[in-house]
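Notes follow once the structure below has been shown.
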Amino acid sequence: MTPTTETTVGIGGAAESTDMVLNIGPQHPSTHGVLRLRLVLDGERIARAEPVIGYMHRGAEKLFEARDYRQIIMLANRHDWLSAFSNELGVVLAVERMLGMEVPPRAVWTRTLLAELNRVLNHLMFLGSYPLELGGITPVFHAFREREVLQNVMEEVSGGRMHYMFNRVGGLKEDLPLGWTSRARAAVADVRSRMDVYDDLVLGNEIFRGRTRGVGVLSPQAVHAYGVSGPIARASGVDLDLRRDEPYLAYPQLGDTLRVAGRTEGDCLARFEVLLEQTHTALDLADACLDRIADLPPGPINQRLPKVLKAPEGHTYAWTENPLGINGYYLVSRGEKTPYRLKLRSASYNNIQALAELLPGTLVSDMVAILGSLFFVVGDIDK
């Protein structure tokens with residue numbers, strides 16, 4: 001057998017019988033931020049792949065220990081900047097569980113509505129950006145147009161376009177503005193009327209299907225081994241959705257509307273199809289929540305809290321079905337006004353580790369297609 005050596009280069013060729021180490025990132029348009037991939041190539045095929053993370057690490061979990069239970073919401077909504085409302089939600093659910101606090105029904109249904117609108121915003125970004133990475137520029141312009149419609153109603157209700165800061169321990173910051181539900185309903189209908197762009201223009205495109213079908217197949221065994229969750233796991237036949245299987249908020253009453261999308265192929269195309277189907281379901285759930293809110297009698301949107309909020313001594317774990325997968329929050333309290341420990345389990349951190357399993361044996365030309373189909377946010381990886 002001919003002995004081989006490793007040569008590290010930026011990009012280009014290497015001598016015959018020499019493995020080439022190719023660095024993708026940390027500044028590279030295909031990595032959605034400062035993610036670095038260290039690829040060992042054997043010709044045009046990837047022999048080994050290692051995700052190198054931590055370039056955006058800000059020590060959020062340590063900062064939680066120096067902030068009170070109102071302030072940690074601001075820190076928690078920033079790691080996945082496309083799912084800020086859902087990030088806040090997990091933290092307040094954990095604190096409320098520690099306090100044994102019951103949230104008013106109006107707040108429960110409004111939280112569910114805003115979580116589903118936030119889910120649509122998250123998915124639209126990937127439904128537009130993924131075809132862009134494969135050479136299709138048109139869908140991303142449609143995605144940003146639809147996102148703008150929903151961001152307008154989210155901004156009206158919360159005051160923020162990305163970091164909403166609308167959740168509070170015990171409910172929400174304030175009630176919905178007058179006439180907001182009608183405008184939200186119109187926004188949902190507007191977005192739904194334009195979803196055929198992704199159903200037909202993207203999924204009906206032969207080039208898109210050729211670049212994604214049978215590429216980057218993730219097995220159910222790998223899903224379990226790496227703790228992959230969300231649409232990526234469900235595209236590989238692992239049928240788990242906390243909204244159905246461990247229901248929270250108003251999801252127990254939305255069983256007739258909540259349809260959990262799933263596939264068994266486990267390839268890039270299946271992951272995109274699950275994300276698209278999940279977007280349709282989120283729009284239906286938003287409509288169902290709006291119907292329910294319209295029938296609710298007037299009532300409070302939050303609980304009155306003491307000036308200094310202290311959680312009792314103990315620990316709890318809360319998890320939510322975030323747009324990108326399962327987010328978990330392990331909260332430990334010593335009875336003080338700040339958490340003793342708050343451990344965050346983010347979806348993208350586990351999902352991205354599967355690249356070490358997905359990429360070896362594939363062509364370099366398929367790397368961007370596989371990477372983009374994991375639908376991750378770098379801040380959600382590094383925290």
Side-chain angles (χ1 to χ4, degrees), residues 73-74 77-78 80-90 92 103-129 139-168 171-198 243 249-251 254 257-258 275-276 278-296 298-302 320-324 377:
I73 299 171
M74 180 274 296
N77 79 1
R78 280 162 165 72
D80 176 0
W81 47 76
L82 296 177
S83 312
F85 187 87
S86 301
N87 300 340
E88 300 170 11
L89 192 56
V92 296
V103 178
R106 191 169 186 82
V108 172
W109 281 98
T110 306
R111 279 178 172 180
T112 310
L113 166 62
L114 296 176
E116 291 306 315
L117 291 178
N118 193 197
R119 193 180 307 276
V120 177
L121 280 168
N122 176 289
H123 291 353
L124 282 172
M125 176 62 79
F126 292 107
L127 291 174
S129 66
V140 75
F141 294 113
H142 290 274
F144 271 92
R145 181 185 62 184
E146 275 74 88
R147 276 175 53 84
E148 196 66 28
V149 172
L150 291 178
Q151 277 186 310
N152 287 340
V153 295
M154 293 295 282
E155 183 179 13
E156 182 186 357
V157 75
S158 69
R161 288 177 61 80
M162 287 186 67
H163 303 300
Y164 305 112
M165 278 301 296
F166 198 57
N167 275 290
R168 296 291 186 272
L172 294 169
K173 177 187 173 186
E174 57 196 12
D175 208 343
L176 301 173
L178 185 64
W180 182 86
T181 53
S182 299
R183 292 186 287 277
R185 194 184 296 276
V188 170
D190 190 11
V191 172
R192 183 186 285 110
S193 70
R194 295 171 175 173
M195 289 300 293
D196 59 343
V197 169
Y198 314 99
R243 296 174 296 172
L249 294 181
Y251 292 114
L254 291 168
T257 309
L258 177 58
L275 198 75
L276 178 56
Q278 205 167 262
T279 307
H280 284 285
T281 300
L283 290 169
D284 293 340
L285 287 169
D287 268 340
C289 290
L290 285 165
D291 292 339
R292 179 62 173 153
I293 290 171
D295 295 335
L296 288 176
I301 198 75
N302 51 39
T320 60
E321 185 70 36
N322 265 41
L324 299 180
V377 172

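Bear in mind that the values here come from a model prediction, so they are computed numbers and not experimental data.
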Fill in: Contacts of His142 that satisfy side chain to side chain donor-acceptor pair (under 3.5 Å) - sequence neighbours left out
Arg145
Fill in: Distance (rounded to the nearest 0.5 Å) between Met195 CE and Asp190 CG
12.0 Å
Discussion item. Could you work out, with salt bridge (charged side-chain N to carboxylate O under 4.0 Å, His left out) as the rule, every residue matching Arg106, not counting sequence neighbours?
Written reply: Asp175
Worksheet entry | From Ile293 atom CD1 to Thr110 atom OG1, the distance as rounded to the nearest 0.5 Å | 4.0 Å
Fill in: Shortest non-hydrogen contact between Ala250 and Val108, atoms and distance
N-CG1, 3.7 Å
Fill in: Spacing of CG belonging to Leu258 relative to OG1 belonging to Thr281, to within rounding of 0.5 Å
7.0 Å
Fill in: Any residue meeting salt bridge (charged side-chain N to carboxylate O under 4.0 Å, His left out) with Asp284, in chain and number order, not counting sequence neighbours
Arg192, Arg259
Worksheet item: Taking only residues two or more places apart in sequence or in another chain, which ones pass side chain to side chain donor-acceptor pair (under 3.5 Å) with Arg119?
Response: Glu116
Worksheet item: Can you list the residues that meet the side chain to side chain donor-acceptor pair (under 3.5 Å) rule with Asn122, with sequence neighbours excluded?
Response: Ser83
Worksheet item: Considering all heavy atoms of both residues, which atom of Leu113 and which atom of Ala286 are nearest to each other, and what is their separation?
Response: CD1-O, 3.5 Å
Worksheet item: Who are the side chain to side chain contact (heavy atoms under 4.5 Å, CB included) partners of Asp291, not counting sequence neighbours?
Response: Arg185
Discussion item. Under the criterion side-chain contact (heavy atoms from CB on, under 4.5 Å), I'd like the reasoning laid out for Leu172 against Asn302: C-alpha separation, chi angles, the key distance, then a yes or no.
Written reply: CA-CA 6 Å; Leu172 294 169; Asn302 51 39; 5.8 Å; no
Worksheet entry | Nearest atoms (heavy-atom pairs only) where Ile301 meets Ala107 | O-CB, 3.2 Å
Discussion item. Closer than 3.5 angstrom, by distance alone: can the side chain of Glu146 be matched with the main-chain N or O of Val191 as a donor-acceptor pair?
Written reply: no
Item to complete: Calculate, to the nearest 0.5 Å, the distance between atoms CG and CZ belonging to Leu117 and Phe85 respectively.
Response: 9.0 Å
Response to the item:
When every non-hydrogen atom of Pro323 is compared with those of Ser86, the smallest separation belongs to CD-OG, 3.7 Å
Worksheet entry | Any donor-acceptor N/O pair, Asn167 side chain to Glu88 backbone, under 3.5 Å | no
Worksheet, complete the sentence: For Thr112, the side chain to side chain donor-acceptor pair (under 3.5 Å) test, sequence neighbours excluded, returns none
Worksheet, complete the sentence: Scanning both residues in full, the closest heavy-atom pair of Ser129 with Val140 reads N-CG2, 4.3 Å
Fill in: Donor-acceptor contact present, side-chain Arg292 to main-chain Ala288, <3.5 Å
no
Discussion item. Glu148 vs Arg161, test: salt bridge (charged side-chain N to carboxylate O under 4.0 Å, His left out). Steps then yes/no.
Written reply: CA-CA 9 Å; Glu148 196 66 28; Arg161 288 177 61 80; 3.0 Å; yes
Worksheet entry | Distance in Å, Leu290 CG paired with Leu176 CG, rounded so as to fall on 0.5 Å steps | 9.0 Å
Discussion item. Arg183: which residues meet the salt bridge (charged side-chain N to carboxylate O under 4.0 Å, His left out) condition with it, sequence neighbours left out?
Written reply: Glu156
Worksheet entry | Stepwise side-chain contact (heavy atoms from CB on, under 4.5 Å) test for Leu249 and Leu89 | CA-CA 10 Å; Leu249 294 181; Leu89 192 56; 3.4 Å; yes
Practice prompt. Applying ring pair (Phe, Tyr, Trp, His ring centres under 6.0 Å), name anything that partners Tyr251, two or more places apart in sequence or on another chain.
Written response: Tyr248
Practice prompt. Determine, step by step, whether Tyr164 and Ile73 satisfy the side-chain contact (heavy atoms from CB on, under 4.5 Å) criterion, reporting the C-alpha distance in whole Å, the side-chain angles of both residues, the deciding distance to 0.1 Å, and the verdict.
Written response: CA-CA 10 Å; Tyr164 305 112; Ile73 299 171; over 6 Å; no
Discussion item. Taking side chain to side chain contact (heavy atoms under 4.5 Å, CB included) as the definition, give me every residue that meets it alongside Glu174, ordered by chain and number, with sequence neighbours left out.
Written reply: Phe166
Response to the item:
Checking Asp80, Asn77, Asn322 against Asn87 for side-chain hydrogen bond (donor to acceptor under 3.5 Å, both in side chains), the one that qualifies is Asn322
Fill in: All side chain to side chain contact (heavy atoms under 4.5 Å, CB included) counterparts of Ala143, not counting sequence neighbours
Tyr198
Response to the item:
CZ (Arg78) and NE2 (His163) are apart, to the nearest 0.5 Å, by 4.5 Å
Worksheet item: Would Met125 and Arg147 count as a side-chain contact (heavy atoms from CB on, under 4.5 Å) if you check the C-alpha gap in whole Å, the side-chain angles of each, and the deciding distance to 0.1 Å?
Response: CA-CA 8 Å; Met125 176 62 79; Arg147 276 175 53 84; 3.8 Å; yes
Fill in: Least distance between heavy atoms, Gly171 atom then Val103 atom
CA-CG1, 4.0 Å
Fill in: Listed partners of Glu321 passing salt bridge (charged side-chain N to carboxylate O under 4.0 Å, His left out), at least two apart
Arg234
